[in-house]
Amino acid sequence: MPWFSSTIVSTLEMRWVAGVTVRGRADAVGAVDVGATDVAATDVDEQAATSATRTAGKAVDLRTPALCPVEHTVDVDPQHAFSDDALGELDGIALAARIRDGQLSRRDVIEAAVARLAKVDGLNAVQLIDAERALAAAPVAGPFSGVPTFIKDNIDVAGWPTNQGSEAFTAKPAKKSSVAAGTVLRTGLVALGKSRLPEMGWNATTEFMTGEPVRNPWDPSYSSGASSGGAAALVASGVVPIAHANDGGGSIRIPAAACGLVGLKPTRGRWAPDVLDRVMPVKLVNNGALTRTVRDTAHFLAHTERLGKLPAIGLVEGPSSRRLRVGLVLDAPRGATDAETRAAVLATADLLADLGHTVEETPFPVDAQFGEDFALYWGFLASFVAVTGPRAFPGWDPARADVLTLGARSYFSERRLAFPGALRRLRASKVRYAAAFASRDLVLSPALAHTTPVIGHLSPRLPFDLLADRLRDYVGFTPVNNAAGGPGMSLPLGQTSDGRPIGVHFSAAHGDERTLLEIAYELEQARPFRRVGQTAG
C-alpha cells in the first residue's frame with residue numbers, strides 16, 4: 001500500500017504538535033498544512049533507445065521507447081510464459097549461477113524475459129520497459145548478478161519517470177535513483193523497467209479509474225492484489241523470477257497471497273530509509289521483493305539488510321531443527337474469515353503440528369480500534385498527497401485523482417480531531433505486538449480475510465464508502481505488522497476449490513526474520529509451492 005517517491009520533495013519540514021499531530025489546519029476539503037515543501041526540478045532529457053535482437057530463432061522486439069509507457073491490451077491469453085527457454089523454471093539464484101558459470105549469458109536471459117513479457121502482455125503488469133538499457137548496463141556483482149527484474153513504479157530510477165500509478169499527472173524522468181532502487185540494484189539484479197501499482201499504492205487491487213487492470217496469472221478475471229500487483233503478476237507468470245515490491249499495509253504480502261508467491265515484509269529499519277520514510281509520524285513502509293522460492297527471498301534479504309540498526313540476519317539457507325511455539329489466529333477484529341481461507345490456515349496448523357511444532361490459539365494482538373486508527377492514518381496520507389501533489393507532481397490534476405485519494409482525504413477531514421489519539425495508539429501497537437511473542441516464536445494467521453476477489457470488487461470506480469468497507473473486510477491482518485514494525489511473511493500454502501492460491505501469514509518478533517525464513521524453508525519442503533500451469537495438488 002502507500003509509498004512516496006523521493007521526487008515528491010527534495011526538502012521537507014514537518015512539525016508535530018506534542019510529538020503526535022500535524023501543525024495547523026484542515027481547509028474546507030480536508031487539506032492538511034504539513035509545513036514547507038520544495039520540489040526539485042526533474043528536467044532530464046528524454047531519450048528513446050531502440051534495438052532489435054533474436055532469441056531461439058524468433059525476433060524479439062526491443063524497440064519499446066525507453067521513456068514511454070507500455071500500451072496495455074485486454075487480451076488475457078496466455079496466462080503464463082514458462083517454457084524451455086533460458087529462464088526455464090529457474091529461481092533467481094539458480095539463474096545467476098548459470099550466468100556466472102557461463103552456461104547462459106546476460107543477453108540470453110534478458111531477451112528471454114522480453115519474449116516472455118510479450119506472451120503475457122494481457123496481464124497489463126508493466127508500466128515501462130527499457131530493454132536496451134538493461135542490455136547495456138554494466139554487470140554488478142551480487143547474488144542475482146545478471147538476473148532481470150522490474151522496479152515498482154513508486155520509487156525513483158534515474159532516467160525513468162515515477163508515475164505512482166496515478167492518472168492525475170504525467171511524471172518527468174527522475175534525476176537520480178532513490179536509496180531503495182540503489183539497494184535493489186546492488187544485488188546484481190538488472191532492471192528491465194517498472195511494474196504497475198494502483199494510485200499512490202492506496203488500494204489492495206491494481207485497478208484504475210480508466211486504465212486496464214493488472215490481471216492475475218492464475219485466472220485473469222481475478223485481481224493480482226496490490227499495491228505491488230504488477231510485480232506479482234510478472235513473477236507469478238514467469239516473466240522474471242524476482243521483482244522489487246514494497247509494503248505499507250500489506251502491499252508485498254497481499255499480492256503474494258493473490259498470486260501464489262513468497263512475500264516477506266522485513267522489520268522496520270531493516271532497510272535504509274528514503275526521504276519521506278524518515279519524517280512520517282508512523283513509519284509504515286518497508287521494501288522487499290516478491291519471489292517464487294524461499295531461497296530467493298532469503299538471499300535478497302541477506303544482501304539488502306541495513307547493518308547496524310538491527311542484529312544482522314545474514315543468509316538463511318534452510319530450516320532449523322528447533323521446534324517452535326506457534327500462536328494461531330483465525331479471525332481479525334473486523335469479522336470472521338471466510339471458509340476456504342480458514343481451512344487453508346487450519347491445514348497449515350495441522351502440518352506444523354505434524355512437523356513437531358506446538359500450535360495454540362492466541363488472541364489477535366490489537367483490537368477493533370486499530371482498524372479505525374489505521375484508516376484515519378491512511379486518510380492523513382491522502383491529505384498529504386492532496387496538499388503536496390500540485391508542487392510535487394507538475395501537471396497534477398485533482399479532478400483526475402481516483403476515488404481512494406479523494407475519499408480518504410475527506411474521511412480524514414471529517415475526523416481530524418481524532419488524529420492525535422490515533423497516532424498515539426498506532427505507535428503503542430509496537431508494544432502490544434512485542435508482547436504477543438513473549439511466550440511464542442511465531443503467530444500464524446490468514447494473510448487476508450477472504451479469498452482473492454474478482455476484478456471490479458475493489459475498483460476505484462466504486463463509491464468511496466462501499467470501497468472502504470470492502471477493503472476493511474479484506475485487509476484485516478497485514479496492517480498490524482506495518483504499524484508495529486514487525487516482520488511478516490505470506491506463503492502460498494493453500495488453494496481454493498478451483499485451484500487459485502490462498503496465502504497463509506506468519507508474524508515474528510521484531511528483528512526475527514530468521515525464524516520466518518527457517519519455517520518457510522521447512523514448509524516449502526513439506527508442501528512444495530505450485531506455480532501457474534501446474535496441476536492443482
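When reading the values below, keep in mind they use all heavy atoms of this one structure, side chains included, and skip hydrogens, waters and symmetry mates.
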Quiz item: Between D91 and T293, is any side-chain donor less than 3.5 angstrom from a side-chain acceptor?
Solution: yes

Quiz prompt | Student check: side-chain heavy atoms of S227 and P198 closer than 4.5 Å | solution = yes

Practice problem: Please check if the side chain of H303 supplies one atom and the backbone of R186 the other of a donor-acceptor pair under 3.5 Å. | Solution: yes

Quiz item: Quick one: does L328's side chain get under 4.5 Å of T362's, heavy atoms only?
Solution: no

Quiz item: Which pairs, with at least one residue in residues 492-502 and sequence neighbours excluded, count as a salt bridge (charged side-chain N to carboxylate O under 4.0 Å, His left out)?
Solution: D498-R500

Practice problem: Show the numbers, then the answer: is there a side-chain contact (heavy atoms from CB on, under 4.5 Å) between L491 and R527? | Solution: CA-CA 11 Å; L491 296 174; R527 188 175 292 166; over 6 Å; no

Quiz item: For the residue pair F380 and Y377, is the inter-centroid distance of their aromatic rings smaller than 6.0 Å?
Solution: yes

Practice problem: Would you please name every residue forming a ring-ring contact (aromatic ring centres under 6.0 Å, His included) with F144, sequence neighbours left out? | Solution: none

Quiz item: Sequence neighbours excluded, which residues qualify as side chain to side chain donor-acceptor pair (under 3.5 Å) partners of Q369?
Solution: D373

Quiz prompt | salt bridge (charged side-chain N to carboxylate O under 4.0 Å, His left out) partners of R415, counting only residues at least two apart | solution = none

Self-check item: Pair T183, T304: side-chain N/O donor-acceptor within cut-off below 3.5 Å
Solution: no

Quiz prompt | Pair K194-T162, side-chain donor/acceptor within less than 3.5 Å | solution = yes

Quiz item: For the side chain of D219 and the backbone of S221, is there at least one donor-acceptor N/O pair under 3.5 Å apart?
Solution: yes

Practice problem: Provide the full list of salt bridge (charged side-chain N to carboxylate O under 4.0 Å, His left out) pairs with a residue in residues 437-458, sequence neighbours left out, each pair given once. | Solution: R322-D441, R325-D441

Quiz item: A298 and V316: which non-hydrogen atoms are nearest, and at how many Å?
Solution: CB-O, 3.3 Å

Exercise. Using ring-ring contact (aromatic ring centres under 6.0 Å, His included) as the criterion, list what pairs up with F506, not counting sequence neighbours.
Key: none

Quiz item: Would a 4.5 Å heavy-atom cut-off, applied to side chains only, mark L448 and V475 as touching?
Solution: yes

Quiz prompt | Worked verdict on V147 versus V109 for side-chain contact (heavy atoms from CB on, under 4.5 Å) | solution = CA-CA 7 Å; V147 175; V109 297; over 6 Å; no

Quiz item: Which pairs count as ring-ring contact (aromatic ring centres under 6.0 Å, His included) when at least one residue sits in residues 510-532, sequence neighbours excluded?
Solution: Y433-H510

Quiz item: So, does R196 use its side chain to make a donor-acceptor pair with the main chain of N124 at under 3.5 Å?
Solution: yes

Quiz item: Does the salt bridge (charged side-chain N to carboxylate O under 4.0 Å, His left out) test come out yes or no for E524 and R292, once each step is laid out?
Solution: CA-CA 11 Å; E524 183 182 36; R292 295 194 297 268; over 6 Å; no

Quiz item: Would you say S224's side chain and R215's backbone share a donor-acceptor pair under 3.5 angstrom?
Solution: no

Quiz item: Who pairs with R334 by salt bridge (charged side-chain N to carboxylate O under 4.0 Å, His left out), at least two apart in sequence or on another chain?
Solution: D469, D473

Quiz prompt | Non-hydrogen atoms of I93 and P143 that approach each other most closely | solution = CD1-O, 3.6 Å

Exercise. Please list all pairs passing the salt bridge (charged side-chain N to carboxylate O under 4.0 Å, His left out) test where one or both residues lie in residues 338-360, with sequence neighbours left out.
Key: D331-R342

Sequence neighbours excluded and cut-off under 3.5 Å, please list the side-chain donor-acceptor pairs for residues 451-459, or say none.
from, atom 1, to, atom 2, distance (Å)
S459, OG, R461, N, 3.0

Quiz item: Which residue pairs satisfy the salt bridge (charged side-chain N to carboxylate O under 4.0 Å, His left out) criterion with at least one member in residues 300-313, sequence neighbours excluded?
Solution: R270-E305

Exercise. Apply ring-ring contact (aromatic ring centres under 6.0 Å, His included) to Y222 and list each qualifying residue two or more places apart in sequence or on a separate chain.
Key: none

Quiz prompt | Under 3.5 Å donor-acceptor, R268 side chain and A483 backbone | solution = yes

Practice problem: Report yes if some heavy atom in the side chain of P460 is under 4.5 Å from a heavy atom in the side chain of E199; otherwise report no. | Solution: no

Quiz item: Salt bridge between D367 and R425, side-chain N to carboxylate O under 4.0 Å?
Solution: no

Exercise. Spell out, as yes or no, whether a donor-acceptor pair under 3.5 Å connects the side chain of W218 to the backbone of C259.
Key: yes

Quiz item: Checking T337 side chain against L330 main chain: does a donor-acceptor pair fall under 3.5 Å?
Solution: yes

Practice problem: Check whether any side-chain heavy atom of K152 sits under 4.5 Å from a side-chain heavy atom of I252, and report yes or no. | Solution: no

